[in-house]
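Note sheet for the following structure.
Quantities reported herein were computed from a predicted structural model and do not represent experimental measurements.
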Amino acid sequence: MERALQQIFNFNRKPADEDKDDDLSDSEDSVYSGLEDSGSDSEEEEGSDDDEEEGSDDNDDKMKEKKEGEVSEEKKKHEYEHDSSDEEDIRNTVGNIPMEWYKDFPHIGYNLDGKKIYKPIRNKDELDDFLDKMENPEYWRTVHDKQTGSDVVLSDDQVELVNRLQRGQFGDVNFNECEPMVEFFSSDVMIHPVTNRPADKRSFIPSLTEKEKVSKLVHAIKMGWIKPRRVEDDGRGRYYNLWASEDSSILARHKMHLPAPKIPLPGHHESYNPPPEYLFTDEERALWEQQDPADRKLPFVPRKYSSLRQVPAFSQFIHERFERCLDLYLCPRQRKMRVNVNPEDLIPQLPKPKDLQPFPTTRSLVYRGHSGLVRSISVSPSGQWLASGSDDGSVRFWEVCSSRCMKTVQVGGAVKSVAWNPNPSVCLLAVALDSVVLILSPSLADKQVILSSERLLSAQQEGEEPAEGNGSVVWSEAEGEELNQGLRLKIQHPKAVHQVVWHAKGDYLASVMPDNTSHLQVYIHQLSRRRSQNPFSRNKGLVQCISFHPIRPYFFVATQRSIRIYNLVKQEMTKKLQTNSKWISSMAVHPGGDHVICGSYDCKLSWFDLDLSTKPYKMLRHHKKAVRGVAYHRLYPLFASASDDGSVIVCHGTVYNDLLQNPLIVPVKVLRGHVMTHDLGVLDVTFHPTQPWVFSSGADATICLFT
């Protein structure tokens with residue numbers, strides 16, 4: 001700190017030649033003018049009578065030197081004008097020493113010309129110092145310079161510099177201490193070496209020290225001082241080749257002859273007294289007996305005997321020898337030429353994740369308030385509000401940026417699915433619980449949007465009865481307290497509803513009721529006319545989830561093992577996708593409409609290219625447990641999958657306009673923020689409509705926002 005303050009003082013002093021007017025008060029002479037007399041007076045007061053004559057002689061010499069110095073200073077006036085070094089501005093040349101050494105002298109050091117710098121007259125006592133402290137507004141920024149004995153008033157820049165140093169910050173305001181680290185040593189193989197220092201000379205010359213040691217050892221062996229150990233050959237270690245006299249030229253004639261592989265040597269399992277860890281426990285024994293003989297790691301059960309005499313004959317000995325003989329003369333052996341391939345060339349060259357930004361990387365907000373499993377979440381088209389449905393029988397509306405719960409609606413049952421109307425001109429939410437689909441108007445928008453929502457719901461139609469004999473679906477309006485909570489319509493279904501989705505225009509919504517015994521599994525409802533219809537007359541399997549095409553009049557229906565695509569205008573099935581999965585759990589359609597992803601309970605994520613094939617273009621097996629939800633981003637080339645292993649995996653999926661170029665799929669981030677509860681992890685995932693953010697809801701009754 002003291003070193004920094006000295007630099008501040010040096011920085012504060014400007015050379016005398018910078019002032020244009022020849023004011024004597026600013027020159028170097030005037031700063032110390034009159035100090036010679038004060039120095040001599042103090043010397044006369046402090047010294048004895050014997051020193052008075054010496055003091056007067058000194059004053060005469062000083063006056064002569066002063067006159068000569070004025071002439072020489074005018075010559076040297078512009079000598080250091082262009083020199084910017086701080087060291088040239090030091091007036092006291094004593095160096096970095098304690099200034100207490102000069103307390104008994106009239107001077108305080110020496111200037112650049114070697115002349116004494118005399119102490120200024122300081123006749124202030126503590127009372128004057130206190131008055132100066134009260135009256136002088138610059139007192140707080142005045143610092144006493146020990147090297148010159150003068151008071152220096154700090155400028156604003158110097159005060160800011162001192163404050164930064166006291167806070168432990170860098171002196172330079174523009175210095176960035178958080179610069180990105182340059183990874184000199186990384187996993188990437190570089191073309192050029194990091195250091196290209198030439199090898200030392202000693203690496204080419206034989207070591208003289210080792211040469212001396214070897215020569216000494218050789219001399220000792222020659223003289224007989226060191227006798228090398230001799231291996232005693234008593235005949236017990238000799239081995240004889242039984243087939244030495246056999247003619248091996250018969251087999252040598254066959255160019256493609258391959259020797260039979262040897263039987264592996266017995267291990268600890270085969271021992272008659274194996275270590276305890278090699279013996280089977282009851283569970284391992286039961287598992288070994290249940291397995292197929294071809295799948296067993298060991299063809300026998302390890303057993304322990306106290307002595308070798310108690311070991312019985314191996315029951316499978318003849319069978320094992322017979323199998324070995326069959327292997328030797330029946331098993332075909334083929335010589336394969338080994339191809340020298342660089343292992344790195346076999347790995348596809350994927351772009352680095354940092355080149356594919358933006359994508360969510362960190363958990364920013366946690367929405368807490370539910371007391372049960374949060375099974376479904378949905379974001380409003382504006383991206384300002386988030387709706388969530390839970391097993392605690394409530395639907396909550398959250399503000400996305402602040403994680404504040406704006407509204408809670410108790411619906412009286414476990415909520416299976418919530419879906420926000422994608423039309424930005426209305427503000428409606430569909431909620432599926434038990435066998436009812438509720439239409440809520442949360443009133444979280446401006447008046448114009450709320451009015452258009454109410455007009456859509458309260459449109460009077462001529463025939464409000466369900467059409468074409470679908471009397472199993474009943475429409476009813478909410479009454480009383482339900483209206484105050486925002487409930488507007490109830491659509492009663494014959495069975496429990498598991499999912500509800502909206503059409504992109506916002507007037508149609510579809511609901512799913514999985515039931516193998518009935519063909520009434522999917523209903524499509526029109527909100528403005530309050531009509532419902534069942535588009536399928538026959539049962540094609542247990543329906544898991546459905547989705548509307550974002551652009552064209554197509555309807556996606558996912559059963560347990562396949563996805564069927566129907567043309568709603570022609571009323572016919574156009575395509576059937578084979579997922580190669582055991583049980584589909586979720587499905588999402590790309591905003592362009594030509595690609596589909598679906599997750600399954602057997603940990604797979606399948607990407608379908610509808611223009612390419614009916615089989616998956618790529619299968620991703622990144623999750624350890626069942627995949628519960630998948631989602632595409634509306635604007636960014638991102639898709640995400642949520643699993644019971646408590647993680648959300650975000651992948652980059654670029655779809656090209658060129659039909660000859662395949663989509664680029666790169667996993668970029670694994671997000672973890674949920675706690676495993678009852679063997680359940682993340683239950684639903686959805687993206688923000690405009691930002692590269694992802695929301696996930698879990699079995700731990702929380703909702704996480706990753707940004």
Side chains of [X] and [Y]: do they bring a donor and an acceptor to under 3.5 Å?
| X | Y | value |
| --- | --- | --- |
| W475 | Q492 | no |
| W398 | S403 | no |
| D507 | S528 | yes |
| H503 | H549 | no |

Next item on the list: Can you spot which of S532, S472, S511 makes a side-chain hydrogen bond (donor to acceptor under 3.5 Å, both in side chains) with Y523?
Entry: S472
Check: Is a donor on one side and an acceptor on the other found under 3.5 Å between the side chain of H623 and the backbone of K604?
Finding: no
Item checked: Partners meeting side-chain contact (heavy atoms from CB on, under 4.5 Å) with Q571 (sequence neighbours left out) -> none
Check: F608 and I597: side-chain contact (heavy atoms from CB on, under 4.5 Å), yes or no, with the steps?
Finding: CA-CA 6 Å; F608 289 90; I597 54 173; over 6 Å; no
Notebook entry, point to check: With V648, which of C704, S643, S696, P360 fulfils side-chain contact (heavy atoms from CB on, under 4.5 Å)?
Noted result: S696
Note to self: For the CG atom on D295, are there more than 12 heavy atoms of other groups (residues, nucleotides or ligands in this structure) within a distance under 6.0 Å?
What the structure shows: yes
Margin query: Looking at every non-hydrogen atom in both residues, tell me the closest pair between I665 and Y617 and how far apart they are.
Written below: CD1-CE2, 3.8 Å
Item checked: Test side-chain contact (heavy atoms from CB on, under 4.5 Å) applied to V395 and T408, step by step -> CA-CA 6 Å; V395 175; T408 304; over 6 Å; no
Checklist line | Validation row: F639, Y632 side chains within 4.5 angstrom (heavy atoms) | finding: yes
Notebook entry, point to check: Taking it one step at a time, do F548 and F555 satisfy ring pair (Phe, Tyr, Trp, His ring centres under 6.0 Å)?
Noted result: CA-CA 5 Å; F548 286 97; F555 190 59; 5.0 Å; yes
Check: Can S435 and K495 be said to form a side-chain contact (heavy atoms from CB on, under 4.5 Å), step by step?
Finding: CA-CA 5 Å; S435 60; K495 293 182 179 64; 5.9 Å; no
